[in-house]
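To keep things clear, I will list the structure first and then write my remarks on it.
Note that the coordinates shown come from a computational prediction; the quantities given were computed from them, not determined experimentally. Lettering follows sequence order; numbering is per chain, from 1.
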2 protein chains.
Amino acid sequence: MASPRRKPSDTEPSTTGAAKLHLTRFLPYRVSVLSNVVSHTVAKLYDKRFGITIPEWRIIAVLGGGETLSAGEIAQRTAMDKVQVSRAISRMLDSALILRESGDTDRRKALLTLTPKALAIYAEIVPLALAYEAQLTSALTEEESVQLDRLLIKLQAQADQLAVTPDPKNTP
Amino acid sequence: MASPRRKPSDTEPSTTGAAKLHLTRFLPYRVSVLSNVVSHTVAKLYDKRFGITIPEWRIIAVLGGGETLSAGEIAQRTAMDKVQVSRAISRMLDSALILRESGDTDRRKALLTLTPKALAIYAEIVPLALAYEAQLTSALTEEESVQLDRLLIKLQAQADQLAVTPDPKNTP
DNA sequence: TTGCAACAGTTTCAGATGAAACTAGCTTCA
DNA sequence: TGAAGCTAGTTTCATCTGAAACTGTTGCAA
């Protein structure tokens, strides 16, 4: 059935001496798999009904309130890098979802606003997005949802830390 | 303080008539951002010290016990698609991390085993991976870790459901 | 048998990606 | 001023990716 060698009273310390690791219990793997499934599902939703990608959706989401932002500000708020934002914007210009005018004070900054067409998509897509989110969390109790919120905040903060400082011991 | 808008009795019904959506509170977005940061950090770790990618690491992880699996089985256990697995395997063949021999009974299935070189990487990498995971969860209490485990299981199950059946109402 | 559908794995193709180089506009300070 | 160095955003390049097409193998059924 399961484990071939029964006696861990090893005489051989090196061959399989290391700790074992089950991928399905490894947090980075689990988060990645969850994210993939969720993103894929959501991407299909957006693409099928509105013909937009997730980067485009994110831009619509942050500009949906009618605000005007620069590409850099969009990058910050959507956690995308500037290249991704630049490309999404150029697609959105083609499909008349966004309006670009260069700023008066600083002509490097482009001021970006959604077109009515994009605002209409926003109005339609938000309920769908929220419905999906609701379905996703429908398996959770109210209390668990609160826990999830707290855990995600903590994990994100810690992950950000570790991304900057890979190994504390190596940086004295 | 949780919910920001208490009174839905808004005075402006059409301009932003749709429900608003804050990206930073939208679960799919949050999971995606977390996954990106974690994956990126982990990928750097694996690449820098061992010159392997995450797909390769996953294959090493599932074969690390010394098992022999087919590519299809690896795909299942690593949640990668067969193309990804195929490509990772061909890279690993080049770098002598994996051994491939065609099966006796079914010559379509290739039997894959790690080489000693890969097992050595496994032995080295597992402690690093577990250390990263431990650092990631070090911000959580013991109880929170248990909660996280339960929440991830529930969310994954639900996400899988929704991936298969996008909208229950449309499938009578 | 042979014909055909199903399966394992690979390759192709077209698009997505990120790092680094690049362009253009702004700021600083000698 | 004006050279040097920022910053915003774009483009290039090399790689990665997933869907679909393809190759070779097996199983089944007429």
Side-chain angles (χ1 to χ4, degrees), chain A residues 32-33 35-44 46-48 51-59 62-63 68-95 98-113 163, chain B residues 32-33 35-37 39-44 46-48 51-59 63 68-95 98-113 163:
Chain A
S32 168
V33 171
S35 173
N36 282 348
V37 175
V38 169
S39 289
H40 199 256
T41 305
V42 161
K44 266 196 304 191
Y46 298 161
D47 181 40
K48 199 161 55 179
I52 62 172
T53 63
I54 285 192
E56 292 169 41
W57 146 247
R58 287 188 180 176
I59 291 175
V62 296
L63 294 179
T68 295
L69 299 176
S70 71
E73 291 167 321
I74 290 176
Q76 282 190 318
R77 299 212 200 173
T78 56
M80 302 192 288
D81 70 58
K82 60 180 184 171
V83 177
Q84 225 174 344
V85 171
S86 171
R87 288 197 264 239
I89 286 172
S90 97
R91 281 194 303 268
M92 292 172 79
L93 285 169
D94 290 345
S95 49
I98 212 167
L99 221 74
R100 174 166 60 185
E101 47 178 335
S102 51
D104 315 334
T105 67
D106 188 339
R107 257 179 310 163
R108 289 171 308 178
K109 289 190 182 171
L111 304 180
L112 300 159
T113 325
Chain B
S32 170
V33 171
S35 173
N36 283 348
V37 175
S39 289
H40 200 254
T41 305
V42 161
K44 266 195 304 192
Y46 297 162
D47 182 39
K48 198 160 55 179
I52 62 173
T53 63
I54 284 191
E56 293 168 40
W57 146 246
R58 287 188 179 175
I59 292 175
L63 295 178
T68 294
L69 299 177
S70 71
E73 290 167 322
I74 290 176
Q76 281 191 318
R77 298 212 201 173
T78 57
M80 302 192 288
D81 72 58
K82 60 181 184 171
V83 177
Q84 223 174 346
V85 171
S86 172
R87 288 197 263 239
I89 286 172
S90 95
R91 280 195 303 267
M92 292 173 80
L93 285 168
D94 290 346
S95 49
I98 212 167
L99 221 75
R100 173 166 62 186
E101 48 177 336
S102 53
D104 313 335
T105 67
D106 188 338
R107 258 179 310 165
R108 287 172 306 180
K109 289 190 183 173
L111 305 180
L112 301 159
T113 325

Please write out the pairs of protein N or O atoms and N or O atoms of nucleotides 1-7 of chain D separated by less than 3.5 Å, giving the distance to one decimal.
from, atom 1, to, atom 2, distance (Å)
dT7(D), O2, R108(A), NH1, 2.6

Open item on the list: I'd like to check the side-chain contact (heavy atoms from CB on, under 4.5 Å) partners of Q76(A); sequence neighbours left out, ordered by chain and number.
Closed with: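 If we apply the side-chain contact (heavy atoms from CB on, under 4.5 Å) test to Q76(A), skipping adjacent residues, there are no hits.
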
Task: Residues in side-chain contact (heavy atoms from CB on, under 4.5 Å) contact with S39(B), at least two apart in sequence or another chain - done: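 With sequence neighbours excluded, S39(B) shows a side-chain contact (heavy atoms from CB on, under 4.5 Å) to S32(A), S35(B), I54(B), given in chain and number order.
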
Looking at every non-hydrogen atom in both residues, tell me the closest pair between [X] and [Y] and how far apart they are.
| X | Y | answer |
| --- | --- | --- |
| G51(A) | E56(A) | O-OE1, 4.4 Å |
| V85(A) | A71(A) | CG1-O, 3.8 Å |
| P55(B) | Q84(B) | CG-NE2, 4.1 Å |

TODO: Not counting sequence neighbours, list each pair that qualifies as a salt bridge (Lys or Arg N to Asp or Glu O under 4.0 Å) and has a residue in residues 72-81 of chain A.
DONE: E67(A)-R77(A)

TODO: Kindly compute the distance separating CE (M92(B)) from OG1 (T53(B)), expressed to the nearest 0.5 Å.
DONE: 8.5 Å

Open item on the list: Check the phosphate of dT10(D) against S86(A), side-chain N and O only, distance under 4.0 Å to OP1 or OP2. Yes or no?
Closed with: yes

- [ ] Identify, residue by residue, the members of residues 68-76 of chain A with a heavy atom below 4.0 Å from DNA chain C, and return them in order of residue number, or none.
- [x] none

Please produce a list of atom pairs where a protein N or O lies less than 3.5 Å from an N or O of nucleotides 16-19 of chain D.
from, atom 1, to, atom 2, distance (Å)
dG18(D), OP2, D81(B), OD2, 3.4
dG18(D), N7, R87(B), NH2, 2.7
dG18(D), O6, R87(B), NH1, 3.3
dG18(D), O6, R87(B), NH2, 3.4

Task: Non-hydrogen side-chain atoms of I59(A) and L112(A) separated by less than 4.5 Å - done: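 Heavy-atom side-chain distance check fails, nothing below 4.5 Å.
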
Between [atom2] on [N] and [atom1] on [X], what's the gap in Å once rounded to a whole number?
| X | N | atom1 | atom2 | result |
| --- | --- | --- | --- | --- |
| R107(B) | dT26(D) | CZ | P | 5 Å |
| D94(B) | dT10(C) | CG | P | 12 Å |
| M92(A) | dT10(D) | CE | P | 13 Å |

Task: Whichever of T105(A) and K82(A) has its nearest DNA chain C nucleotide further upstream toward 5' - done: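 This one resolves to K82(A).
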
TODO: Could you tell me whether a side-chain N or O of S86(A) sits under 3.5 Å from a main-chain N or O of K82(A), the two making a donor and an acceptor?
DONE: no

Open item on the list: So, applying side chain to side chain contact (heavy atoms under 4.5 Å, CB included) with T113(B), which one of L69(B), L63(B), I98(B), T68(B) is it?
Closed with: T68(B)

